[in-house]
**Student:** 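Structure incoming, see below.
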Amino acid sequence: MANRVLTGTRFVHGDWACAEGAISAGCGYYAAYPITPATEIAERIAQRFPVLGGKFIQFEDEIGAIASVIGASFSGLKAMTATSGPGVSLMLENIGLAVMTEAPCVIVNVMRGGPSTGQPTMGAQGDVMQCRWGMHGDVETIALAPQSVQEMYDLTVEAFNLSEAYRTPVFLLSDANIGHLYERLTIPREEELTLVDRKRPTLPPSEYLPYRADESLVPPMASFGDGYRFYSTGLTHDEKGYPDMSVETQDKLVRRLCDKIRRNTDKITMVETLMTDDCEVLVVAYGIAARSAATAVKQARERGLKAGLLRLVSLWPFPDKLLEKMAEDAKAVIVAEMNYGQLVREVERAVKPKPVRFLPKLGENPHTPGEILEAIRRIDA
Amino acid sequence: MANRVLTGTRFVHGDWACAEGAISAGCGYYAAYPITPATEIAERIAQRFPVLGGKFIQFEDEIGAIASVIGASFSGLKAMTATSGPGVSLMLENIGLAVMTEAPCVIVNVMRGGPSTGQPTMGAQGDVMQCRWGMHGDVETIALAPQSVQEMYDLTVEAFNLSEAYRTPVFLLSDANIGHLYERLTIPREEELTLVDRKRPTLPPSEYLPYRADESLVPPMASFGDGYRFYSTGLTHDEKGYPDMSVETQDKLVRRLCDKIRRNTDKITMVETLMTDDCEVLVVAYGIAARSAATAVKQARERGLKAGLLRLVSLWPFPDKLLEKMAEDAKAVIVAEMNYGQLVREVERAVKPKPVRFLPKLGENPHTPGEILEAIRRIDA
Amino acid sequence: MAKQRIKLIKQLCKGCGYCIEFCPNNVFEKSEEITERGVTPPRIKNPDKCTLCGLCTRLCPDFALIIEEDEGDG
Amino acid sequence: MAKQRIKLIKQLCKGCGYCIEFCPNNVFEKSEEITERGVTPPRIKNPDKCTLCGLCTRLCPDFALIIEEDEGDG
Amino acid sequence: MTRREIRIAGFGGQGVITAGYVLANAAAIHDGQYALMTQSYGPEARGGSCKTDVITSDKPIDYPKISSPDCLVAMSIDAFATFASTVMDRGIVIYEASLVDISKNDMDPNKNYHEIPAVATANELGNPLTANMVMLGAVQALTGVVKAEALAASISDRFPKRKELNLKALRRGMELGRLQA
Amino acid sequence: MTRREIRIAGFGGQGVITAGYVLANAAAIHDGQYALMTQSYGPEARGGSCKTDVITSDKPIDYPKISSPDCLVAMSIDAFATFASTVMDRGIVIYEASLVDISKNDMDPNKNYHEIPAVATANELGNPLTANMVMLGAVQALTGVVKAEALAASISDRFPKRKELNLKALRRGMELGRLQA
Amino acid sequence: MTEEMKHPLSDYLRMDRLPHIWCAGCGLGIILHSYVEAIQELSMDLDKIVTVSGIGCAGRASGYVNTDAFHTTHGRALPFATGISISRPDLKTVVISGDGDLFAIGGNHLIHAARRNVDMLVICSNNFNYGMTGAQYGPTTPLNTRTPTSPYGSIENPFNLVALVASSGATMVSRWTVYHVYHLKNAIKKGLQKKGFSFIEVISPCTTGFGRLNKQTPIEMMRQLRDNTKIMKVHPMEATIDPSTEIIIGDFVDVRKPTYGEILRELEAKAR
Amino acid sequence: MTEEMKHPLSDYLRMDRLPHIWCAGCGLGIILHSYVEAIQELSMDLDKIVTVSGIGCAGRASGYVNTDAFHTTHGRALPFATGISISRPDLKTVVISGDGDLFAIGGNHLIHAARRNVDMLVICSNNFNYGMTGAQYGPTTPLNTRTPTSPYGSIENPFNLVALVASSGATMVSRWTVYHVYHLKNAIKKGLQKKGFSFIEVISPCTTGFGRLNKQTPIEMMRQLRDNTKIMKVHPMEATIDPSTEIIIGDFVDVRKPTYGEILRELEAKAR
Ligand SMILES: Cc1ncc(C[n+]2csc(CCOP(=O)(O)OP(=O)(O)O)c2C)c(N)n1
Ligand SMILES: Cc1ncc(C[n+]2csc(CCOP(=O)(O)OP(=O)(O)O)c2C)c(N)n1
Ligand code: SF4
Ligand code: SF4
Ligand code: SF4
Ligand code: SF4
Ligand code: SF4
Ligand code: SF4
Ligand SMILES: [Mg+2]
Ligand SMILES: [Mg+2]
């Protein structure tokens with residue numbers, strides 16, 4: 001049997017790193033439908049899984065892929081799919097089912113230029129709101145945004161951990177710029193990895209209620225075939241998992257599903273800061289755009305401008321409180337994202353009345369550092 | 001040939017009114033897949049269309065339905081589909097294509113309890129963010145929210161008008177409470193209706209550029225078969241409609257598509273106010289929940305509490321400026337929606353640092369007037 | 001061994017009438033009763049004619065007919 | 001009427017070689033040329049053998065072969 | 001007379017929803033009132049329990065839901081059991097004689113109870129499906145929520161072909177109601 | 001030596017992307033530098049134009065895109081026409097002798113031009129597919145962006161089976177480059 | 001249900017959920033009965049069966065069976081089941097769902113699962129309409145049928161389900177009706193034991209929806225299933241179906257081909 | 001293209017978009033050529049044709065034809081075309097798209113459009129893979145084929161497209177290859193004139209994707225289309241296809257049934 005964790009340092013692309021991240025995290029099932037710029041993840045998985053005993057299947061479409069991923073998750077496997085915007089758009093109904101039935105799974109979106117077919121081979125950050133609001137009904141999701149090949153690996157592992165911990169689908173929001181970028185990747189030794197597995201029932205089958213949660217709000221999860229004989233449905237359901245259309249059950253269920261994420265916002269949130277301690281201009285960015293922002297902030301400091309960078313590593317749940325605090329002493333906040341105005345709305349909501357300046361960017365490339373520097377300079381002037 | 005516009009007063013349900021609204025607006029194509037609580041719209045259309053020569057087709061799924069609606073729109077017909085949350089989730093990819101190719105069409109979402117299959121027969125307002133953010137890539141949409149059977153008719157007509165005027169899909173966001181509600185409906189005489197048709201090309205085919213817009217940002221639209229022989233694609237395209245992957249073309253196109261809506265926010269916005277002139281507590285609500293809010297505000301006034309109601313008739317594009325202005329003199333804003341926190345985020349963004357109190361509501365019924373009154377009282381206390 | 005007999009679980013019956021129509025031995029008849037759910041269940045008029053063939057238990061869509069130990073003779 | 005002849009539109013050719021391989025009359029041959037797009041177009045070596053059958057114009061995936069009026073004799 | 005709330009409940013097949021429609025349509029179209037009607041069903045695909053709520057008012061009706069009806073029409077024991085207690089004080093409960101078998105003990109002294117033999121009356125008329133109109137007649141007589149002519153006109157709207165029979169049932173119901181008033 | 005930007009451009013089938021990979025991998029894995037590589041294609045499904053951008057640095061690389069390369073390797077006339085003008089002042093342009101036919105007039109006095117007969121050399125080596133490695137050798141000799149040993153090690157990574165041939169091509173390219181330096 | 005009484009199927013059903021939601025006379029209860037009785041007669045381990053459904057009246061079946069069960073989204077039961085079947089080849093994966101769920105919105109997943117020969121049993125309740133949403137016409141509705149969305153008569157040709165599934169590659173294909181309880185149970189038993197993609201179409205009366213529209217009582221519908229059916233051993237293409245005249249029923253296909261899972265495991269063995 | 005030269009097809013093609021994006025030797029250019037030549041030979045009014053495509057290399061075809069044309073989303077060309085065909089029965093609606101687009105993600109729309117007999121011509125380029133995304137295997141890929149997502153060989157049975165489409169109800173069904181340019185053009189001409197759902201599968205070499213993986217040059221692939229094909233008049237079920245040994249080609253079905261649009265117009269006449 002081949003090595004599962006390919007410890008060592010290599011020069012690879014982001015999609016490759018993502019696939020290896022999934023394998024390191026213990027992913028046992030991967031289903032997808034080819035789509036640029038995510039296909040290379042499937043190609044790597046297809047190469048590796050048969051040797052490791054993981055189940056890879058290429059589906060007839062993205063709807064089938066995500067549905068089968070949820071089926072595999074209920075069968076006890078860690079499961080993942082990867083796609084880009086058009087594929088996510090098709091998956092949303094069933095991602096909603098994963099939220100409702102609390103099926104841990106990872107959805108990788110290697111974003112490309114939209115709307116619609118748009119710019120299939122080119123990067124963008126236009127699907128950031130979609131993964132939070134694309135499903136009908138009230139949901140909360142978790143989304144992570146890598147900025148490098150190394151993070152494609154690291155955050156894929158983390159995405160699995162969060163999905164298992166909270167029994168919820170987790171998005172990895174990458175983009176073509178990172179998915180197709182070649183950089184150095186270091187895979188740790190297997191024993192250095194921290195892996196999380198879903199909480200299993202401790203009660204005997206006769207007493208197990210598949211949707212009863214303790215104060216963590218996350219119910220323990222049995223797998224099909226384990227002898228618990230439970231029923232799961234996308235209908236509003238009680239703790240037994242049975243359909244129940246009462247107002248009370250709906251209220252309790254939806255609140256729990258959302259609150260299990262909302263209440264843990266602080267725990268889930270990951271950010272990185274650069275010279276924010278005394279900054280007058282706070283730049284907020286994520287993913288590939290954050291790399292431009294980092295250069296811009298360093299250049300600003302070289303020019304004596306007090307800029308700082310808050311890089312959001314997790315995008316959802318949105319860390320309102322943290323933003324508010326970070327912006328407290330700044331004169332203004334700059335948001336740079338590769339779209340025409342998405343996460344900036346969340347930032348505005350969090351930091352207002354602090355002025356927020358938005359730097360949109362459309363078409364393949366992230367902002368140049370110069371563009372962001374110029375914005376910093378204007379505020380400082 | 002039967003009468004198209006069924007002038008007169010009747011006691012009917014909201015879905016019926018919506019179907020007649022579509023017919024009055026000149027809808028010539030309707031495709032859908034049955035789903036509670038929207039099916040009755042199709043049932044009424046199926047009864048009426050064959051007599052009027054309109055084209056009704058029941059599709060194999062919602063994806064096919066919306067795709068065919070777009071095809072019909074390009075063929076020169078006013079076209080519509082109706083569904084509820086699960087159906088919209090499936091349609092999003094192709095709604096994105098309608099945005100990208102600028103195909104006027106109307107999408108009715110008779111909302112029901114979510115997430116997932118949720119509460120199929122019960123009302124909710126949980127898909128409000130979805131119709132703005134559910135598509136991948138940067139888009140802007142228009143959404144209207146009726147609060148009565150009469151408005152199911154009136155706003156369906158208006159939805160067609162807006163979609164034709166801006167060449168964009170328009171959402172009618174109703175819910176099971178209104179779709180299945182019976183009330184009095186008055187249909188005006190045909191000549192009293194104001195109907196808008198898409199702008200047609202004035203240039204000869206040889207000079208026509210299907211995606212060149214004047215300062216209105218809305219290009220005139222030829223139909224298939226009119227002799228213009230144009231090409232339309234979901235890829236990023238130039239004014240000829242040809243795929244062009246350059247940064248400049250993407251930037252120009254996405255900005256135009258979004259700006260044609262954004263810049264007309266004031267023109268598109270429809271609201272209704274109740275005793276807001278001197279109000280200290282501004283209640284914001286829409287759709288069925290606004291009816292509870294209206295009672296609550298009247299009751300508050302009876303008790304000497306200075307409450308006012310801002311009812312949003314259009315939800316998207318969100319009228320930031322208007323909200324900010326309306327809230328200026330209020331002590332606080334209350335938002336009451338039948339979900340766990342959606343449009344309230346937009347209100348917060350618009351009115352902050354004004355305190356905003358949110359009243360969530362989950363499961364079938366809108367807030368009781370008493371619940372909203374209580375919230376008003378607490379702020380006033 | 002105890003004798004077996006056909007038995008109606010009235011709470012489950014929805015009154016479709018299949019048992020009355022399709023029992024080869026005419027064991028059931030329509031009753032006059034209306035249950036709380038607005039349903040008219042069958043009445044077992046000829047228990048002795050029942051051959052315990054099991055057709056009605058399988059054709060009953062509501063699991064309302066079972067063959068059980070006859071406690072009277074048990 | 002003007003004589004017709006087979007003609008190569010070099011800018012459209014992608015060098016697949018179908019014309020060379022499938023012309024029943026061996027009209028084309030491989031050239032040594034490399035175009036700006038890195039492509040080796042065919043060379044018309046035996047124009048006179050061409051029967052104007054049209055097969056190559058239809059098999060050419062790039063619309064690079066046409067039968068046109070021979071201007072030389074036009 | 002401002003807002004009046006009437007709930008009619010029973011099981012599928014009894015014409016409960018139709019009764020609600022005829023009542024609300026009468027108020028809204030033929031009686032110069034504002035009116036609305038909602039309906040709901042039990043978990044069953046079809047059949048099973050169902051109810052309809054009608055609100056009438058001389059002013060536009062904002063809040064469209066009923067919590068404590070002024071009047072309940074119970075067409076089944078289940079409906080009685082579920083909803084009788086929700087009727088407001090001094091409200092009235094009208095129940096079908098053969099389908100709702102209650103003892104005085106089930107009665108709340110703050111409410112008024114009226115037993116109407118709607119099914120028997122309908123059977124007398126030769127069509128058990130008209131029991132719902134008999135009930136509506138009783139509602140009219142006991143609450144006056146709509147004028148009798150409005151109800152009659154509404155029946156013509158709803159049953160253009162079987163108008164006479166249903167009108168007869170309505171009138172019999174009104175008589176039965178008046179006897180109890 | 002901080003950030004260095006190298007662009008290699010040509011058309012599909014020339015091994016442009018492979019060259020980029022070998023160069024960046026050499027820097028990142030065998031030369032203790034930071035390095036990254038990106039690639040892009042023309043509108044064609046396959047074939048057509050393509051390019052790869054390599055950035056190396058002794059510090060972590062934030063911004064991953066190139067606007068003005070220090071060095072351009074042009075493997076086609078198209079690549080030369082499109083990108084030569086983007087090369088920064090005092091930067092160098094290396095072009096393939098047989099594929100890029102330019103006159104002195106096309107040359108910007110602020111840049112250095114080097115003609116390398118990579119195709120011919122590769123043909124001499126018996127495998128036209130090694131032209132890309134010849135070019136890489138020239139890049140090494142003319143820019144020193146990575147150590148020669150690092151490049152050689154990278155070639156072993158990339159061509160475990162056809163290592164010798166490619167190493168030979170690399171060395172020939174270095175020689176050709178040194179002649180021009 | 002009252003406490004004292006022990007139902008002979010109480011180990012196989014979620015008794016606490018009975019009576020089920022289906023209408024009086026609806027054939028779905030009979031299908032459910034046949035399914036659990038088949039499991040019982042085979043003495044299968046209930047822990048080792050997963051019952052999967054889509055959305056619809058038929059889709060509710062999974063909620064009454066005392067196995068692991070998953071009530072998924074409309075039309076997607078097969079990909080969910082595929083995920084389960086591939087992940088846990090030691091379990092028997094069974095799909096019970098409706099004609100609309102499996103052949104309208106879900107048609108693509110069906111033909112692809114059949115093509116791949118994924119190991120599962122699919123039991124399709126065909127009631128010639130979308131029962132759950134109120135008896136609209138669908139891909140099985142006979143031409144000219146009046147329904148709420150075809151008030152002037154349906155203008156679409158219906159699919160022949162067994163022909164479509166067989167031509168997609170299924171290794172077992174049968175059609176029975178809920179009147180034929182013994183045949184049906186036997187077919188299900190065969191399907192439960194079969195390795196490969198097995199498909200059983202069960203003609204089932206939608207008494208309230210389709211029945212009422214066509215002015216038929218449940219008993220009349222059931223009589224029709226008895227009187228208009230003909231058991232035949234034919235090629236699935238010839239297994240014609242016209243509910244008002246003749247429905248050909250029987251076991252049409254039963255062949256053995258390597259399943260997707262089997263080939264996958266072979267490939268894994270080779271790859272290692 | 002240079003100015004002076006007038007291409008004989010320049011009225012039919014968007015010359016300003018040539019050269020097209022397809023790889024050297026890709027069969028799609030030949031399909032496009034056959035399509036426009038068929039239009040030309042029938043002297044059809046270009047204003048009265050709508051060409052619709054999904055996404056994929058084949059899907060790009062609509063962008064080169066000088067008719068009204070719509071490049072839609074992946075897999076949905078048929079519902080778009082249905083909307084057009086029903087709205088404008090006076091136009092000829094033609095779909096040109098790939099095997100993946102029409103039979104992987106789009107399979108359901110295809111079988112339903114065929115079932116309804118919607119009036120349109122569907123030209124399916126079958127290159128046995130997803131060319132656009134880099135030659136992954138799909139529902140037409142022969143068993144055991146190595147592709148980027150089946151590096152150990154594909155383990156899925158392919159569909160027989162003509163069999164599937166015929167059994168769904170198509171009224172004209174043919175299979176040709178891009179080598180058979182005259183047959184192909186004639187089939188397209190027939191399809192353009194046909195009323196009803198017509199389907200032409202065109203075997204087409206994906207030279208860069210499938211060809212390179214299988215170490216075949218474009219010319220070798222083309223020779224194979226010449227040498228491994230056999231023209232036969234058989235039932236579509238018997239029109240077997242194995243690219244490496246034998247591909248049966250020909251016109252398999254040609255019947256006349258009322259189209260969806262025709263029945264609809266009849267119904268409208270009755271309803272009025
Ligand atoms: C995405 C989506 N579209 C539509 C629906 C509405 N819907 C629920 S069940 C159903 C059809 C059910 O028909 P069938 O599968 O034949 O089951 P039956 O009710 O007839 O047993 C439909 C259209 C839905 N739940 N989800
Ligand atoms: C929803 C969606 N999923 C996936 C893709 C990616 N995609 C583009 S083309 C294609 C397959 C094309 O295959 P085929 O239709 O056979 O066309 P070919 O390129 O082989 O001509 C895929 C999977 C997409 N564009 N949209
Ligand atoms: S078991 Fe057989 S004989 Fe007895 S009642 Fe049932 S059907 Fe009739
Ligand atoms: S078959 Fe069952 S449900 Fe139907 S009447 Fe008889 S006992 Fe009742
Ligand atoms: S027209 Fe015929 S003979 Fe002439 S070059 Fe072409 S294929 Fe050869
Ligand atoms: S067939 Fe056409 S593209 Fe191919 S080599 Fe000949 S001219 Fe060039
Ligand atoms: S509606 Fe039809 S299918 Fe659904 S439960 Fe009732 S009878 Fe059965
Ligand atoms: S990838 Fe294949 S199908 Fe696509 S253009 Fe190239 S040869 Fe043709
Ligand atoms: Mg059905
Ligand atoms: Mg293909």
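In what follows, chains carry the letters A, B, and so on, assigned in the order in which the sequence lines appear, proteins first and then strands, with residues in each chain numbered from 1. Scope of the values below: all heavy atoms of this structure, side chains included, with no hydrogens, waters or symmetry mates.
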**Student:** Test your reading of the model: is there a side-chain donor-acceptor pair from G/H112 to the backbone of H/I105, 3.5 Å cut-off?
**Tutor:**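 Flag not set: sc G/H112 to bb H/I105 has no pair under 3.5 Å.
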
**Student:** Considering only heavy atoms, give the residues of residues 134-160 of chain G separated from chain H by less than 4.5 Å, sorted numerically, with 'none' for an empty result.
**Tutor:**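 Within residues 134-160 of chain G, the residues that come under 4.5 Å of chain H (heavy atoms only) are G/P139, G/Y152, G/G153, G/I155, G/E156, G/N157, G/P158, G/F159.
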
**Student:** Counting only heavy atoms closer than 4.5 Å, note whether H/L267 contacts chain G via side chain, backbone, both or neither.
**Tutor:**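 For H/L267, the contact with chain G is made by the side chain alone.
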
**Student:** To the closest 0.5 Å, what do you measure between CG (G/N108) and CD1 (H/I111)?
**Tutor:**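 One gets 7.0 Å once the value is rounded to the nearest 0.5 Å.
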
**Student:** Is it true that atom NZ of H/K233 has more than 12 heavy atoms of other residues, nucleotides or ligands lying nearer than 6.0 Å?
**Tutor:**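 Yes, because the 6.0 Å sphere around NZ of H/K233 holds more than 12 heavy atoms from other groups.
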
